[in-house]
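The structure appears below as structure tokens.
Indexing begins at 1, ligand by ligand and atom by atom, following the structure's order. Computation of the quantities below employed the complete heavy-atom set of this structure, encompassing side-chain atoms and omitting hydrogens, waters and symmetry-equivalent molecules.
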Amino acid sequence: MYRRRLVGSKRITRRAVQAGILAGAWLFAGCSPEGDGDVGGAADGGAESGAATTEAVHFAFTEVVPGVYHARGASDLVVGSNAGVVVNEADVLLVDSHISPAAASALIEDLRSITDNPVRYAANTHWHFDHAHGNQVYPPEVEIISHEATRAAIAAGRSNSGRSYELFVGSIPGRIEQMEATLDTMTDAAARAELETTLERQRTYYAQLQEVVPTPPNTTLSERLTLHKGGREIQFHFFGRAHTEGDVIVYLPDDRVIITGDMLTAGLPYMGDGYVNEWVETLDRLKALDFDWIIPGHGEPYRERERIDHLQAYMQDLWNQSVALHGQGVSAEDAAARIDLTAHADNFGGIASPGANPVAVLRIFELLDGNAN
Ligand SMILES: [Zn+2]
């Protein structure tokens, strides 16, 4: 049925999880608290599809439906987010440009394993560095599409500064120093070799980050934009604030696929720049679309719409408990320790005991205090 080799997505996922455990999730850190989205133990929807996966040099491409691919990093190259790849009759749309020019260039090279069509369109689902810091490699004729707020944020330098960037990227030099110090104390040859590999990967990643020149998208929308490409309709929607102030989702109505950026991830998304209460409502509008497949910003594609309900329930609970504790004058830090989300443990990995992500709670408190930026 497929000319390409069939590769079980399970294998890729398992390898990524093992690598994540070895290296520490921070190595992969994109704007997901679970690193590349695998560590949370979420269901592996890709394996269920029976879809063909093509392994290129740095990326594995899973054909979710004909001509629509989920691209994920499958080598030592740190790429950050997933990309959605839409192969049209005469061109290609890439949804999200990864974490560095090196990663974005590698994707364009690897694309040749699935199509000869040129990349004519790209999109940034939001302004986070791991989805937009490959923009500079696209030639000027490529239309890079985003919400107008995303363009404004990147133009203002917010994709390479601020709390989230410092959290995920600013900490890297210190981590490298820690690893170097640890290496000096290690005597076991196998353990040393393992750490040296991790360290080298991290040094390479950090060097690649120095090449980033944040490049704003050149085509913006405020609510909706539609492309008609060789019989395929491609809709870009802004349904309201969610993971950031300018989240755009890509909807392919004939293919019945949505590509969501970090509004949805395989596990719990990062909420440090989010609008948690509005996010729940934005997802209600998303759910009104008719689709079978979700390609999330991190992690494997999936079909189970109830996973959106689970995320909404989690966020509503987190919001309500935060509001109550904020009203009692509790600090964000103490609130994060006291909030109990164990009722959601069946739906999300890693909720073994009370406590919430401190950055998410701090963000909610900033929203409640009216000083979120
Ligand atoms: Zn993000």
Side-chain angles (χ1 to χ4, degrees), residues 25-40 42 70-73 78-84 94-100 103-104 122-135 144-147 149-154 156-171 209 212 214 216-217 236 238-250 258-276 278-279 282-283 286 294-300 308 311 314-315 357 359-360 362-364 367 372-373:
W26 62 272
L27 177 67
F28 298 93
C31 43
S32 161
E34 298 164 13
D36 71 349
D38 279 323
V39 186
H70 165 255
R72 65 173 300 144
V78 177
V79 304
S81 65
N82 293 336
L94 298 180
V95 182
D96 285 335
S97 70
H98 298 300
I99 207 162
S100 67
N124 295 147
T125 56
H126 61 292
W127 54 263
H128 279 154
F129 64 98
D130 55 331
H131 296 256
H133 275 181
N135 285 0
I144 309 174
I145 299 162
S146 79
H147 191 267
T150 296
R151 176 183 158 83
I154 295 171
R158 288 177 56 208
S159 66
N160 63 340
S161 65
R163 177 173 60 207
S164 299
Y165 189 78
E166 289 305 316
L167 183 65
F168 292 116
V169 178
S171 58
L209 292 180
V212 171
F236 300 79
F238 173 71
F239 285 131
R241 301 195 293 189
H243 177 68
T244 66
E245 70 273 37
D247 294 15
V248 162
I249 67 104
V250 179
I258 56 170
I259 305 171
T260 65
D262 294 350
M263 189 187 300
L264 293 172
T265 57
L268 287 169
Y270 174 69
M271 299 177 194
D273 295 309
Y275 297 80
V276 172
E278 296 175 44
W279 196 333
T282 299
L283 286 172
L286 176 82
I294 297 162
I295 298 181
H298 298 265
E300 293 293 322
I308 306 176
L311 178 61
Y314 176 97
M315 289 195 294
N357 183 305
V359 180
L362 182 60
R363 172 67 178 181
I364 291 171
L367 291 167
N373 54 28

Notebook entry, point to check: How are the rings of His147 and Phe238 set to each other: parallel, tilted or perpendicular (split at 30° and 60°)?
Noted result: tilted
Checklist line | Asp130 N/O/S atom closer than 2.8 Å to the Zn ion (ligand 1) | finding: no
Margin query: From the N, O or S atoms in His243, identify the one nearest to the Zn ion (ligand 1).
Written below: NE2
Next item on the list: Would you name the N/O/S atom of His128 that lies closest to the Zn ion (ligand 1)?
Entry: ND1
Checklist line | Ile259, Thr260, Ile258 screened by side chain to side chain contact (heavy atoms under 4.5 Å, CB included) with Pro296, the one that passes | finding: Thr260
Check: the Zn ion (ligand 1) is nearest to which N, O or S atom of Asp262?
Finding: OD2
Item checked: Donor on one side chain, acceptor on other, Ser159 and His133, under 3.5 Å -> yes
Item checked: Ring geometry between Phe129 and Phe168 (parallel below 30°, tilted from 30 to 60°, perpendicular above 60°) -> tilted
